[in-house]
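Every chain is numbered from 1, with letters handed out A, B, ... down the list of sequences. Because the structure is predicted, anything quoted here is derived from the model rather than measured.
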There are 2 protein chains.
Amino acid sequence: MRTLLLHCAWVLGVAGIALRGGPSVADEPPPTARSALNVVFLLADDLGWGDLSCYGNRRFRTPHLDRLAAEGTLFTHYYQAGSVCSPSRAALMTGKYPAELRIHGHLATPQQNAQRDMPNHLDPAVPTLARLLRQAGYKTIHIGKWHLGRPNDAPQGLSLYGFDVARWIDCQEGDRNLWGIQERPQASRELIDAAIAEIEAHRSGPFYCQVWFNDPHAPLAPSPEQMATFRRQTPEGFTSPFMVYAATVVEMDRQIGRLMQKLKELGLEDRTIIVFSSDNGPEDIDIGNAAWSAYGSAGPLRGRKRSLYEGGIRVPLIVRGPTVPAGRVDDRSVICGVDFLPTVCELAGWEIPAEVREGIRGQSMAAAWRGEETPRFQPLFWEWRFRIFNHPWNRSPLLAVRDGDWKLLLNPDQSRVELYDIRQDPGEQNNLADRHPEITARLAEKAITWQKTLPPGLVEESAGKNDYPWPGR
Amino acid sequence: MRTLLLHCAWVLGVAGIALRGGPSVADEPPPTARSALNVVFLLADDLGWGDLSCYGNRRFRTPHLDRLAAEGTLFTHYYQAGSVCSPSRAALMTGKYPAELRIHGHLATPQQNAQRDMPNHLDPAVPTLARLLRQAGYKTIHIGKWHLGRPNDAPQGLSLYGFDVARWIDCQEGDRNLWGIQERPQASRELIDAAIAEIEAHRSGPFYCQVWFNDPHAPLAPSPEQMATFRRQTPEGFTSPFMVYAATVVEMDRQIGRLMQKLKELGLEDRTIIVFSSDNGPEDIDIGNAAWSAYGSAGPLRGRKRSLYEGGIRVPLIVRGPTVPAGRVDDRSVICGVDFLPTVCELAGWEIPAEVREGIRGQSMAAAWRGEETPRFQPLFWEWRFRIFNHPWNRSPLLAVRDGDWKLLLNPDQSRVELYDIRQDPGEQNNLADRHPEITARLAEKAITWQKTLPPGLVEESAGKNDYPWPGR
């Protein structure tokens with residue numbers, strides 16, 4: 001009953017804002033926004049589609065995220081717009097394809113960025129979700145890994161990008177660095193501590209709080225206590241990726257449980273939407289700093305981080321809140337990271353100004369979050385210009401497009417063309433390109449047309465290839 | 001020149017024996033056999049097709065086996081007749097399909113064997129390669145892992161199976177056990193020490209000496225010194241499967257190099273054929289005792305140990321000797337473990353008695369070992385009745401047949417039917433069953449007809465399935 005009342009209050013509040021429209025110029029939040037829903041956005045780092053037990057993981061359990069899913073809706077066709085950290089995050093923050101922003105790979109050193117024709121940071125001139133929500137009267141909070149850079153001359157913090165509060169930016173604060181081997185076991189705890197503190201401070205709301213974990217991104221170093229449950233047959237003196245990875249994910253899950261409990265204690269549960277996702281697929285064991293930890297799973301999907309096959313870009317999405325049906329699995333809606341900005345703006349009752357709307361590639365999927373059938377208006381596109389590791393099976397072509405149930409992967413020179421019926425064949429095992437030449441041609445044209453709109457730049461020699469150094473060849 | 005002379009002597013010797021034919025009943029070896037080639041058969045345990053640098057491994061190097069390949073012939077289409085230890089070994093020793101012998105999986109405890117309708121040991125009544133070679137006047141030597149059991153009332157040793165000498169049977173000798181964590185780093189060294197001692201003792205020849213390593217089968221525990229080179233970014237207190245596995249394989253390779261050097265010093269190089277292979281594909285990281293080590297690679301092939309996809313059954317085969325072309329990659333010949341017995345008998349110049357020949361499913365590939373084009377006369381068959389682990393992509397149907405360039409995998413109830421052009425598509429990515437219904441039907445009939453000849457027995461519930469616990473289903 002309480003939920004229903006709050007829900008009604010929220011709907012009325014939204015309606016008020018929506019009618020008013022446009023950004024507020026006042027310093028104070030518009031009073032109508034005070035009843036708007038809070039949003040907590042939890043983003044794991046390199047967690048695979050199959051890593052939560054509610055997504056089919058039978059190797060270890062994630063009870064708190066399972067409960068979040070049981071109390072909310074779990075989406076099976078959710079994608080990020082990138083196959084590594086920075087591109088995915090850029091899309092979440094801007095609603096644009098990361099390649100438009102020249103964020104083709106992870107932001108690294110200025111030299112490495114220049115070499116790959118990438119900027120050193122997300123262009124602060126590009127409108128962000130946080131800026132829009134701040135205009136809508138939200139207190140905007142960022143905690144944890146950012147990985148979108150910031151101008152050298154910018155003050156500490158992420159206010160340029162619309163955040164009122166920014167803590168543990170890229171997991172560093174003061175002298176402390178949660179990437180360090182010593183600090184690593186406490187990383188999720190520290191970030192959740194900060195989140196709880198900020199949420200308590202801004203409990204009157206509305207607030208948008210994103211907690212971007214560095215777990216379970218490599219390098220990982222859980223404590224012996226965290227690993228003990230998962231040691232099993234592994235002898236002293238050795239550690240297994242299973243024990244390292246499971247300990248880390250289960251610790252992150254435990255901390256998320258602590259945050260859920262806190263929201264309940266604060267009486268915020270009924271006016272807060274919690275969103276959980278990951279930025280890309282699981283890391284590969286051939287990456288040096290993941291050699292002892294890369295046990296993440298993409299479930300039945302093909303490929304891992306960096307790959308444009310499903311396992312690289314398709315990740316968990318769990319949404320729980322007063323407007324979200326409980327205990328539902330949405331196996332229908334196709335949602336992408338570029339949708340996050342318009343979706344959250346709709347939930348916040350904030351009409352995106354037309355000049356901003358034009359640059360956004362996603363669409364609001366707020367109706368899907370409410371349990372309504374929500375068709376997509378445009379195909380989704382991906383690109384990857386660099387090396388992909390390990391088994392040839394993992395190494396995708398350079399471009400991908402999903403349109404309805406079809407997904408096409410191809411190299412622009414047509415050296416590889418693969419068409420999959422993703423709904424029937426989520427593992428991308430049956431290439432139907434030969435059988436459906438007209439669909440293949442149509443999607444290939446769309447992908448190549450899209451690619452032509454993107455900034456040019458370095459394409460690594462091995463990108464898009466899946467060759468193997470066969471003996472004697 | 002010396003090679004040529006010895007080669008001629010060997011050919012004459014062979015001819016003499018071949019004309020004489022049939023088994024010798026004398027206790028002493030037939031004098032004609034004294035000039036016959038020695039055979040050293042090195043069998044790694046769970047080493048993948050892609051684990052040697054000469055097979056494309058770019059993650060660590062195996063210089064001694066690379067040299068063996070450079071001085072001999074490397075085969076790319078070599079299969080074992082089983083996808084795990086005992087079945088593969090049974091076929092190597094008998095030339096029969098392991099399922100005929102009811103050796104469907106690995107031999108375990110009597111209870112586990114009974115549950116799976118398996119015997120506790122290879123039936124000693126079945127003719128073995130060692131028995132035939134002993135009849136041919138060879139000194140027959142087994143060293144290391146056997147995993148084919150032996151009757152409880154049999155004396156120590158493997159004389160029932162035709163071996164004059166057996167050392168470190170199943171890697172145990174006296175109080176020592178090379179499977180123990182403490183002994184594990186020395187396992188390959190100990191086996192090679194024993195091999196060198198036995199070869200020195202029987203250097204006058206001819207001898208057949210099989211060294212069946214337990215490396216790199218789990219559980220692995222290389223020493224810190226062995227792992228040091230491969231630690232790289234892995235922090236103290238953690239170990240990576242890469243460092244554990246690479247250290248083990250490189251140590252095995254080093255010990256094989258020591259044996260090669262010894263054969264040279266003993267002047268045996270020019271009258272000894274060395275054969276190197278593995279019993280099945282690389283182990284899976286979801287197996288408890290391999291959780292910290294399962295880094296093995298099947299190269300570009302699909303699947304791992306237990307799977308009937310190529311990665312489970314296709315393994316390295318390197319042959320070096322006076323009759324074997326050097327520096328050759330044989331990308332053409334399709335060879336299987338069931339061929340080993342007739343091949344070695346031909347090389348030994350020993351005509352297999354007709355009543356034994358009847359029961360052998362393989363064919364001599366000695367001509368292929370000499371570099372000659374050698375067609376197969378019969379298709380090859382595989383079966384697997386039990387669970388397969390990890391990614392659905394790895395989990396094959398219950399039956400497989402290879403006939404020419406075609407490989408069909410299917411469940412007898414036709415719930416899964418997959419046809420691959422293995423030469424074009426070694427990664428088994430393009431299922432052509434729909435496109436070639438007549439080939440599919442022909443091979444399916446062959447496989448099912450073959451299966452009907454096999455002893456019935458337990459088929460595990462999950463066998464042949466590749467399902468995934470999809471959310472909400």
Side-chain angles (χ1 to χ4, degrees), chain A residues 50 52 54-59 69 74 76 181 218-221 224 230 232-244 285-286 288-295 297-302 328-331 390-393 426-427 429-431 434-435 466-473, chain B residues 50 52 54-59 69 74 76 181 218-221 224 230 232-244 285-286 288-295 297-302 328-331 390-393 426-427 429-431 434-435 466-473:
Chain A
L52 306 182
C54 52
Y55 277 84
N57 186 3
R58 298 289 176 266
R59 314 198 278 188
L74 178 159
T76 63
I181 290 296
L220 297 184
F230 308 107
R232 299 187 186 167
Q233 295 179 48
T234 304
E236 285 303 320
F238 293 87
T239 57
S240 69
F242 166 71
M243 64 194 273
V244 173
I285 202 157
D286 273 350
N289 71 358
W292 63 99
S293 68
Y295 186 78
S297 166
L301 307 180
R302 177 176 182 174
R328 181 164 177 264
V329 171
D330 184 333
D331 223 4
N390 216 322
H391 201 287
W393 177 78
Q429 294 195 20
N430 299 308
N431 179 4
D434 285 353
R435 203 172 307 173
N466 62 347
D467 50 341
Y468 183 85
W470 194 268
R473 286 186 197 161
Chain B
L52 306 182
C54 52
Y55 277 84
N57 186 4
R58 297 289 175 267
R59 314 198 278 188
L74 179 159
T76 63
I181 290 296
L220 297 184
F230 308 107
R232 299 187 185 165
Q233 295 179 48
T234 304
E236 285 304 319
F238 293 87
T239 57
S240 69
F242 166 71
M243 64 194 275
V244 173
I285 202 158
D286 273 350
N289 70 357
W292 64 99
S293 68
Y295 186 77
S297 166
L301 307 180
R302 177 176 181 173
R328 182 165 177 263
V329 170
D330 184 334
D331 223 4
N390 216 322
H391 200 287
W393 177 77
Q429 293 194 20
N430 299 308
N431 179 4
D434 285 353
R435 203 172 307 172
N466 62 347
D467 50 341
Y468 183 85
W470 194 269
R473 286 186 198 160

Asks: Atom CH2 in A:W470, atom CG in B:D331: separation rounded to 0.5 Å?
Replies: 6.5 Å

Asks: If I measure from the heavy atoms of chain B, does A:A290 come under 4.5 Å with its side chain, its backbone, both, or neither?
Replies: neither

Asks: Which answer fits A:D467, side chain, backbone, both or neither, if we ask what part of it has an atom under 4.5 Å from a heavy atom of chain B?
Replies: neither

Asks: Could you have a look at B:N431, B:V329, B:T239 and say which one has the most heavy-atom pairs with chain A under 4.5 angstrom?
Replies: B:T239

Asks: What part of A:P426 lies closer than 4.5 angstrom to a heavy atom of chain B: side chain, backbone, both or neither?
Replies: side chain

Asks: When only pairs under 4.5 Å are counted, which of A:Q429, A:R473, A:R232, A:R302 shares the most heavy-atom pairs with chain B?
Replies: A:Q429

Asks: Would you say A:Q233 and B:P219 make side-chain contact, with heavy atoms under 4.5 Å?
Replies: no

Asks: Where on A:N430 is there a heavy atom nearer than 4.5 Å to chain B: the side chain, the backbone, both, or neither?
Replies: side chain

Asks: Which bit of A:R328 comes within less than 4.5 Å of chain B, counting heavy atoms only: side chain, backbone, both or neither?
Replies: neither

Asks: With chain A as the partner, which of B:N466, B:L301, B:N57, B:L52 has the greatest number of non-hydrogen pairs under 4.5 Å?
Replies: B:L301

Asks: Could you check whether the rings of B:H391 and A:W393 sit parallel, tilted or perpendicular, using 30° and 60° as the cut-offs?
Replies: perpendicular

Asks: How many angstroms lie between atom CD1 of A:I181 and atom CD of B:E236, to the nearest 0.5 angstrom?
Replies: 11.0 Å

Asks: Considering only heavy atoms and a distance below 4.5 Å, find which of B:A69, B:S293, B:A221 pairs most often with chain A.
Replies: B:A221

Asks: Could you state the interatomic distance from OG (A:S297) to OH (B:Y468), rounded to the nearest 0.5 Å?
Replies: 5.0 Å

Asks: Which residues pass the side-chain hydrogen bond (donor to acceptor under 3.5 Å, both in side chains) test with A:D286, sequence neighbours left out?
Replies: B:R59, B:Y295

Asks: Holding to side-chain hydrogen bond (donor to acceptor under 3.5 Å, both in side chains), I want the full list of residues that pass it with B:R435, two or more places apart in sequence or in another chain.
Replies: none

Asks: Any idea which of A:G427, A:G288, A:P224, A:G237 has the most non-hydrogen atom pairs under 4.5 angstrom with chain B?
Replies: A:G288

Asks: To check you understand the geometry: which heavy-atom pair defines the closest contact between B:G299 and A:P392, and what is its length?
Replies: O-CD, 4.2 Å

Asks: Nearest 0.5 Å please: distance from the CZ atom of B:F242 over to the CH2 atom of A:W292.
Replies: 12.5 Å

Asks: At a heavy-atom distance under 4.5 Å, which candidate from B:G50, B:A298, B:G472, B:A291 has the highest pair count against chain A?
Replies: B:A291

